[in-house]
Amino acid sequence: MRDTFIILSRSQNEQLSANQGATTYTMATYFLLLSVFLYGTSIPNLSLICLILCFPVIFFLQHKRVTVSFLIDASLVFLFAFLYYTMCVLFEITTDDDWLESKMMFLIVNMSMAYIIGYFLAQNFKKISAVIAVTVGGLFTYGLLSTSKFALDHLGEVASNDYLIVERAVPSFWNGGIVNGPIIGIFFSLGICLISMVYSRINLLVKGCFLALALSSVFFNLMLQNRSPIYAGVLSFSLATLMYVTQMKLTHKKLIIFIIVVCLLPLNLFFIDFSETKSLLDNPFMERLISEGFDTPRYELWYKGVLGLFEYPMGGAKTDFSPYDYAHNLWLDVGWYVGWIPMLLLLFIQLKHVPYLIRFVRTRPSQSYGVMGISVSFLVAMMVEPTLIASYTYVTLFFFFIGYMKGFHLHMDLDGKEGRK
């Protein structure tokens, strides 16, 4: 379908001088980026309004092209958020009904605004590494502050347990409310999966910062004894390596070096003192990892969740997952709470944006490592954790990310059409 344009305002060039215009565009763009970062930090009250405050700022951006396709997708995001939260309140199925009812409109508007901000930001800001940094940075900062504060306050206990947090939960840095380790883990998972950025053609210092982010995320996930983020990181790095190798122009020299490195890697086994490494395996996390591997009670929970969709198509949280609380899958949890319609709507929105991600990877391979990494992290987390129930902030930032991907895709298309005129 041919896109139809709606003019939201006159061109800023008609109203401002060149210098004033450039300053205004830059300030507006950085305000949006800062707001997204602050939203991810989950600062009480501030995080509820910082995205809403971005709405008037959008009018000061240089490019504000709106298409029918965007209006449809933004409306679908709003519809999903509206159905999900209103039905949660009407069914009275959460333990925080009073809080949810009082903040419901903020949650709905924030989810919609995140998508809108991502779309318009993509038309004016093309530094994908910076966009990924603010998407991940706020969540990482919140996880870092909460986990570090707990570890420092209980340093002796944590150190005596091989620097593992046995409870697998930490108090929130801001209000002291308990946050489960697996939920903090999905925040750190975004950082782990950015290890794929080592292959990106970006500034060496920036690349080092992303590597440090990934390694510190691994460390904190090990402290919280989370397996899924580690698996997601391995998958992300493997896909990035495969993509990098397939893009390499293998001269004879590079091919010989690559073969030598691969052949030398197994020789490291001769230099490892296995008597020392035995102590590394003697801790609760490694014992759990070795004994369980990929085995998890989630398989049974997913089976119950699928059966529950047919038994209770309108939701209402009636399926019994005991001794666990949720299905530990985004889509099954949404279906369990509010039924088929919101669940299918969410799935449709996500599938509709997959082509934008694929196209970005294909057309901009040198810039796509971070996009691929963050996409893998989102996918794994949504498959194995109750992401929307446990963290509306996380899912809201997901909508910001796919909104940015859509805006980037359409803006490139429209620029190409204008260039051919």
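We number each residue from 1, following the sequence as shown.
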For [X] and [Y], work out which heavy atoms get closest and say how close.
X: K304; Y: S322; value: NZ-O, 3.7 Å
X: L48; Y: I52; value: O-CD1, 3.6 Å
X: Y119; Y: G407; value: CD1-CA, 3.5 Å
X: P342; Y: M87; value: CG-SD, 4.0 Å
X: G176; Y: P171; value: O-CB, 3.7 Å
X: A381; Y: T387; value: O-CG2, 3.5 Å

So for atom [atom1], which belongs to [X], do other residues, nucleotides or ligands contribute more than 12 heavy atoms lying within a distance under 6.0 Å?
X: F31; atom1: CZ; result: yes
X: L204; atom1: CG; result: no
X: K149; atom1: NZ; result: no
X: E167; atom1: CD; result: yes
X: I341; atom1: CD1; result: no

Check your understanding: Can you tell me if S146 uses its side chain to pair, donor with acceptor, with the backbone of F173 under 3.5 Å?
Key ->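 Yes, because the side chain of S146 sits within donor-acceptor range (under 3.5 Å) of the backbone of F173.
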Review point. Does K318 use its side chain to pair, donor to acceptor, with the backbone of G315 at less than 3.5 Å?
Key: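 It does not hold such a pair.
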Hey, are the side chains of [X] and [Y] touching, using non-hydrogen atoms and a 4.5 Å cut-off?
X: L357; Y: F401; result: yes
X: S238; Y: M243; result: no
X: M104; Y: T86; result: yes
X: Y25; Y: F60; result: no
X: D73; Y: K352; result: yes
X: T319; Y: L307; result: no
X: V89; Y: Y85; result: no
X: M405; Y: V371; result: yes

Is the closest side-chain donor-acceptor distance between [X] and [Y] under 3.5 Å?
X: N226; Y: R168; answer: yes
X: Y142; Y: T393; answer: no
X: H353; Y: Y115; answer: yes
X: S42; Y: S47; answer: no

Check your understanding: Do the rings of F125 and Y30 sit parallel, tilted or perpendicular, given the 30° and 60° boundaries?
Key ->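 If you compare the ring of F125 with that of Y30, the planes turn out perpendicular.
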Exercise for review: Verify whether the ring centers belonging to Y199 and F237 lie closer than 6.0 Å.
Suggested key: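 Between F237 and Y199, which both carry aromatic rings, the centre distance is below 6.0 Å.
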Practice item. Answer yes if the ring centres of Y356 and F408 are under 6.0 angstrom apart, and no otherwise. Key: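 Not under 6.0 Å, so no.
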Exercise for review: Could you tell me the separation between the OG atom of S217 and the CD1 atom of I195, rounded to the nearest 0.5 Å?
Suggested key: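 The distance works out to 10.0 Å.
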**Study point:** Member of F321, F91, W331, Y324 meeting the ring pair (Phe, Tyr, Trp, His ring centres under 6.0 Å) criterion with W336
**Key:**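 The ring pair (Phe, Tyr, Trp, His ring centres under 6.0 Å) with W336 is passed solely by F321 among F321, F91, W331, Y324.
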Check your understanding: Of F378, Y404, F80, which is the lone residue that meets ring pair (Phe, Tyr, Trp, His ring centres under 6.0 Å) with F398?
Key ->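 Testing each of F378, Y404, F80 against F398, the sole residue satisfying ring pair (Phe, Tyr, Trp, His ring centres under 6.0 Å) is F378.
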Point to revise | Test salt bridge (charged side-chain N to carboxylate O under 4.0 Å, His left out) applied to K127 - qualifying residues, sequence neighbours left out | key: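 Expected list: none.
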Practice item. Test side chain to side chain donor-acceptor pair (under 3.5 Å) on S377 and S189 and set out the steps. Key: CA-CA 6 Å; S377 181; S189 175; 3.0 Å; yes
Check your understanding: Which is it for W340 and Y312 under the ring-ring contact (aromatic ring centres under 6.0 Å, His included) test, yes or no, and what are the steps along the way?
Key -> CA-CA 9 Å; W340 276 93; Y312 307 105; over 10 Å; no
Review point. Would F140 and F37 satisfy ring-ring contact (aromatic ring centres under 6.0 Å, His included), going step by step from the backbone distance to the final call?
Key: CA-CA 10 Å; F140 175 83; F37 174 84; over 10 Å; no
